[in-house]
Novice: 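This is the structure, below, for whatever I ask next.
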Amino acid sequence: MALLQISEPGQTAEPHQRRLAVGIDLGTTNSLVATVRSAEALTLADESGRHLLPSVVRYGVDAIEVGEAAIEHAVNDPSNTIVSVKRLMGRAAEDLISLGKSSPYTFSTSESSVPKIHTRSGDVSAVEVSAEILKTLKARAEATLGDELIGAVITVPAYFDDAQRQATKDAARLAGLNVLRLLNEPTAAAVAYGLDSGQEGIIAIYDLGGGTFDISILRLRQGVFEVLATGGDSALGGDDFDHAIAEWILLQAGYEAVPGASLVRLLIREARSAKEQLATTESVDIAIETDDLKWQGTLTQLQMRELIEPLINKTIMACRRALRDADVTAEEVLEVVMVGGSTRTQVVREKVGGFFKREPLVSIDPDKVVAVGAALQADVLAGNKPDDEMLLLDVIPLSLAIETMGGLAEKIVYRNTPIPVAKAQEFTTYKDGQTAMAVHVVQGERELVDDCRSLARFELRGFPPHVAGAARIRVTYQVDADGLLTVSARELTSGVEASVDVKPSYGLTDSEIETMLRDSMDHASDDMHLRMLREQQVEAERVVEALDAALQTDGEQLLSATERSNIDQARQQLVEVSAGDDSDAIKTAIKQLEGACEDYVARRMNSNIRNAMQGHSVDEYAGKDQE
Amino acid sequence: MATDILTCNFFELFDVPVAYELDFDQVQQRYRDLQKIVHPDKFVNASDQDKRLSMQQTSRINEAFNTLRQPVDRAIYLLKLKGVDTVQENSTTMDAAFLMEQIEMREALSEIHSAEDPLAELDRFSAQIKTSMQGLMQNFSECYAQEKLEKAQELIKKMQFMQKAGKEVDELSAKIEDELY
């Protein structure tokens with residue numbers, strides 16, 4: 001009931017213990033977890049002191065291994081060892097085939113159309129594999145911090161589409177994490193830098209990870225991070241550098257057959273190691289010795305530059321476009337922040353520095369900066385810093401459209417629109433007597449539906465027949481703060497409605513997630529009940545506290561006697577029920593109290609806005625010093 | 001006082017006079033101030049009902065901000081406040097000279113590929129469009145203030161032409177950049 005609390009910042013900071021929340025960078029190559037401790041955001045290490053968890057999952061004979069333990073098997077057990085799973089998130093089977101030139105996995109198409117990877121422990125989806133990585137990080141955090149987490153901020157590439165975001169959120173749910181927010185990686189990096197330097201102005205974030213590239217242009221002012229434009233490529237990253245080098249080795253060695261999965265993994269490992277060494281040296285010797293291939297040679301800086309330059313040029317082009325979308329020039333950019341392990345490569349730094357005509361910032365470890373920023377945001381969202389000014393205003397990366405006659409995509413929400421956003425558009429029927437309409441939701445910039453990403457299809461049925469062109473169908477797109485879409489359609493003359501949460505056809509259905517959760521929790525169900533009860537009791541306490549504080553401030557002015565007595569009654573009911581052990585009953589009582597407070601909440605909100613509109617500054621209103 | 005976020009008009013919401021000329025710094029400042037109160041990030045631990053309200057209000061603030069900052073959308077919205085629906089209204093006549101200019105510009109654009117330095121040429125177009133747009137905006141502002149709504153509508157049509165041309169120039173630039181890299 002934060003609405004009830006907003007005018008009492010002093011009272012919201014009641015001395016309850018710190019709410020543990022973490023930021024998680026779920027990366028293509030490596031993943032990290034970070035949290036704020038003693039006012040500082042730090043990444044957490046495993047028991048051997050390693051911060052980076054390789055994003056590798058192996059479905060072994062008796063157990064699932066994640067991270068270093070799994071990585072050792074990438075070469076000798078490639079089909080059961082899943083690497084770079086992030087590239088498969090939210091993708092359809094046909095996308096995977098095109099990605100799969102070097103893929104060692106066997107895909108099986110399941111009934112729910114989610115492509116699954118065939119392993120010795122059965123078929124697994126990308127969401128399930130990602131959930132294993134998240135579980136490992138969650139366990140690491142809980143072991144280090146000594147308590148359960150109330151939630152996590154999970155980062156995604158800014159350029160992720162709706163399907164990819166939804167898949168990420170599904171993976172978190174499957175891992176038992178409460179997602180406070182999906183946060184765009186570049187925005188997270190800006191937070192990590194922005195809070196340190198306290199700068200104001202235009203910032204460019206260049207984020208080149210293992211498998212994704214993002215460029216974001218932000219305006220930073222008065223603690224508000226406003227994303228102006230974002231762009232990139234969700235299938236371009238350092239992995240592609242490795243592939244380019246591996247292909248070069250094959251070419252040099254005169255190897256003409258199609259290399260097997262083991263050989264590919266080995267070559268990529270060698271390529272990556274060579275690339276990493278070339279960050280600090282001029283040339284590196286490579287020696288490959290397998291049954292298939294014996295070769296040794298030298299890769300120079302210059303040679304590598306030639307191999308990867310076309311890839312880097314693609315990223316520079318995206319930078320140019322993002323600047324144009326943001327309507328700023330390269331000269332106006334105050335700082336360029338480098339994020340992602342691949343920005344360690346010299347050529348990348350040179351090219352980016354050259355384009356923006358300034359030395360890029362690299363002072364925070366590019367592998368950790370995203371997790372650090374996510375942890376800072378998680379700390380704010382968890383409510384640990386009620387007076388904090390920081391606010392992140394993000395945008396939708398790709399336009400959302402609807403299919404119209406002739407297979408054309410008509411844009412309803414344009415890319416780079418700030419989120420959350422709701423947009424409605426009216427359509428009509430084209431045939432006499434038509435009583436149903438198909439709605440096909442797509443995402444992308446292209447004009448033809450076939451060139452865009454299909455997100456969902458549904459039908460609005462059963463409206464009364466009209467002559468062609470007389471029915472009025474209003475289709476509303478609502479994008480929430482995580483960048484996730486809900487679409488609804490309504491025939492205005494009859495009021496017939498239909499709506500869908502856009503669960504992409506490639507994600508998991510709700511029932512699939514539930515089944516998986518239930519399977520994994522069957523043995524732990526007693527714990528679960530206790531935990532749910534405790535959660536509901538804590539929630540009830542918070543609701544009552546907030547309400548009491550609010551009533552004390554303005555209950556008299558804003559409520560009639562009847563309304564007050566209704567609220568008091570619902571409050572009493574909640575207090576009584578929370579003493580018991582029925583979590584569902586507590587939940588219902590909370591809902592009832594909230595229902596009774598609905599008008600009161602709206603009135604308080606409006607009175608807050610009124611105060612802000614009357615020229616009182618928001619800061620003053622929140623009882624804080626003005627800037 | 002009509003200050004309900006969900007019902008008041010966009011100008012009231014941003015506390016600026018209902019006019020085409022806009023103090024954009026003030027709009028941005030108000031945008032940040034309003035977001036600091038209603039953004040969903042402030043309601044992460046709130047009830048579903050509060051979350052929904054926050055999302056609706058933030059969506060509306062974003063819609064208002066987007067409308068006010070875009071020259072054509074702002075003009076259309078101003079006329080809508082006067083009861084004129086520019087989107088539905090197709091009867092407006094365009095002056096022939098303007099249409100001729102548009103046709104010539106399209107022709108020049110379609111031949112841009114063969115130009116010596118197409119990107120520089122496109123930059124020139126872009127600057128030219130910006131200047132024309134500013135002239136139209138100035139005109140609209142005056143017409144609106146003087147309640148010459150029919151003339152104002154015609155100016156919106158011209159602005160829409162210009163905006164479309166600007167978009168085409170941007171797309172062409174992007175395409176040529178693609179070919180260069």
Side-chain angles (χ1 to χ4, degrees), chain A residues 1-6 19 150-151 180-181 219 221-224 226 310 313-314 316-317 320-321 324 377 380-383 389 391-393 417-423 478-481 539 542-543 590-591 594-595 597-598 601-602 605-606 608-610 612-615 617-619 621-622, chain B residues 1-8 12-15 25 28-66 69-70 87-88 119 126 130 169-171 173-174 176-181:
Chain A
M1 279 215 168
L3 264 178
L4 287 165
Q5 300 174 343
I6 52 180
R19 293 156 59 80
I150 67 122
L180 298 171
R181 181 71 70 233
R219 181 190 288 124
R221 244 186 118 183
Q222 297 165 344
V224 177
E226 185 187 348
N313 283 339
K314 271 172 95 173
I316 297 293
M317 205 177 63
R320 195 187 292 273
R321 213 160 276 180
R324 187 161 48 221
Q377 166 79 337
V380 171
L381 294 185
E389 285 284 285
L391 184 63
L392 312 182
L393 304 178
T417 301
I419 53 172
V421 66
K423 226 30 207 288
Q478 169 79 60
V479 181
D480 69 14
E539 178 64 15
R542 290 198 320 114
V543 167
I590 292 176
K591 277 243 155 14
E594 282 172 358
C597 292
E598 196 163 350
V601 169
M605 189 68 157
N606 275 331
N608 273 330
I609 304 301
R610 205 142 44 224
M613 303 281 288
Q614 279 166 348
S617 97
V618 178
D619 300 330
Y621 195 72
Chain B
M1 191 172 34
T3 48
D4 188 311
I5 292 184
L6 298 178
T7 56
C8 71
E12 287 166 354
L13 184 53
F14 280 83
D15 197 25
D25 283 343
Q28 278 187 317
Q29 181 64 48
R30 181 67 60 172
Y31 180 62
R32 286 189 290 267
D33 286 349
L34 286 169
Q35 290 282 14
K36 281 181 183 174
I37 305 175
V38 303
H39 193 274
D41 280 2
K42 303 288 175 192
F43 298 92
V44 168
N45 304 300
S47 69
D48 288 349
Q49 174 195 332
D50 291 355
K51 281 183 182 166
R52 211 167 30 243
L53 185 60
S54 148
M55 184 163 81
Q56 283 170 357
Q57 291 177 323
T58 315
S59 297
R60 176 142 169 103
I61 290 165
N62 281 332
E63 187 193 352
F65 183 59
N66 262 339
R69 70 177 165 174
Q70 287 168 27
V87 185
Q88 296 295 325
L119 281 180
S126 199
K130 257 187 195 144
V169 168
D170 279 355
E171 273 164 16
S173 307
I176 291 173
E177 280 163 16
D178 276 351
E179 287 162 9
L180 286 178
Y181 291 99

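Every chain is numbered from 1 and lettered A, B, ... according to where its sequence line falls, protein lines coming before strand lines. These numbers were taken from a predicted model, which means no experiment stands behind them.
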Novice: Non-hydrogen atoms of chain A under 4.5 Å away: do they reach the side chain of B:Gln28, the backbone, both or neither?
Specialist: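 For B:Gln28, the side chain is the part near chain A, not the backbone.
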Novice: Name the region of A:Lys591, side chain, backbone, both or neither, that has any atom closer than 4.5 Å to a heavy atom of chain B.
Specialist: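 When you check distances to chain B, only side chain atoms of A:Lys591 fall under 4.5 Å.
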Novice: If I take atom CD from residue A:Gln377 and atom CG from residue B:Asp41, how far apart are they, to the nearest 0.5 angstrom?
Specialist: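 Reported value, rounded in 0.5 Å steps: 5.0 Å.
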Novice: Does any heavy atom of chain A fall under 4.5 Å from the side chain of B:Asn66, the backbone, both, or neither of them?
Specialist: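 The side chain, not the backbone.
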Novice: Would you give the length of the straight line joining atom CG of B:Asp170 to atom CZ of A:Arg321, rounded to the nearest 0.5 angstrom?
Specialist: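 That separation rounds to 10.0 Å.
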Novice: Taking every non-hydrogen pair under 4.5 Å, which of A:Ile419, A:Leu381, A:Val421 racks up the most with chain B?
Specialist: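 Highest number of heavy-atom pairs under 4.5 Å: A:Leu381.
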Novice: Is it the side chain or the backbone of B:Arg52 that comes within 4.5 Å of chain A heavy atoms, both, or neither?
Specialist: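 For B:Arg52, no heavy atom lies under 4.5 Å from chain A.
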Novice: At a heavy-atom distance under 4.5 Å, which candidate from B:Met55, B:Gln35, B:Arg32 has the highest pair count against chain A?
Specialist: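 Most pairs with chain A among the choices: B:Arg32.
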Novice: Looking at CD1 of B:Ile61 and CG of A:Leu393, how far apart are the two atoms once the value is rounded to the nearest 0.5 Å?
Specialist: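 Here the interatomic distance stands at 10.0 Å.
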Novice: To the nearest 0.5 Å, how far apart are CZ in A:Arg324 and OG in B:Ser173?
Specialist: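 Rounded to the nearest 0.5 Å, the CZ-OG separation comes to 5.0 Å.
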Novice: Can you say whether A:Arg221 sits under 4.5 Å from chain B via the side chain, the backbone, both, or neither, judging by heavy atoms?
Specialist: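 For A:Arg221, backbone and side chain are both near chain B.
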Novice: Just by distance, no angles: are the side chains of B:Asn45 and A:Arg542 close enough, under 3.5 Å, to form a donor-acceptor pair?
Specialist: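 Per modelled atom types, B:Asn45 and A:Arg542 side chains form no pair under 3.5 Å.
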Novice: Is B:Asn62 close to chain A through its backbone or its side chain, or both, or neither, when contacts mean heavy atoms under 4.5 Å?
Specialist: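 The side chain, not the backbone.
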Novice: Among B:Arg60, B:His39, B:Gln56, who wins on heavy-atom pairs under 4.5 Å with chain A?
Specialist: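 The answer is B:His39.
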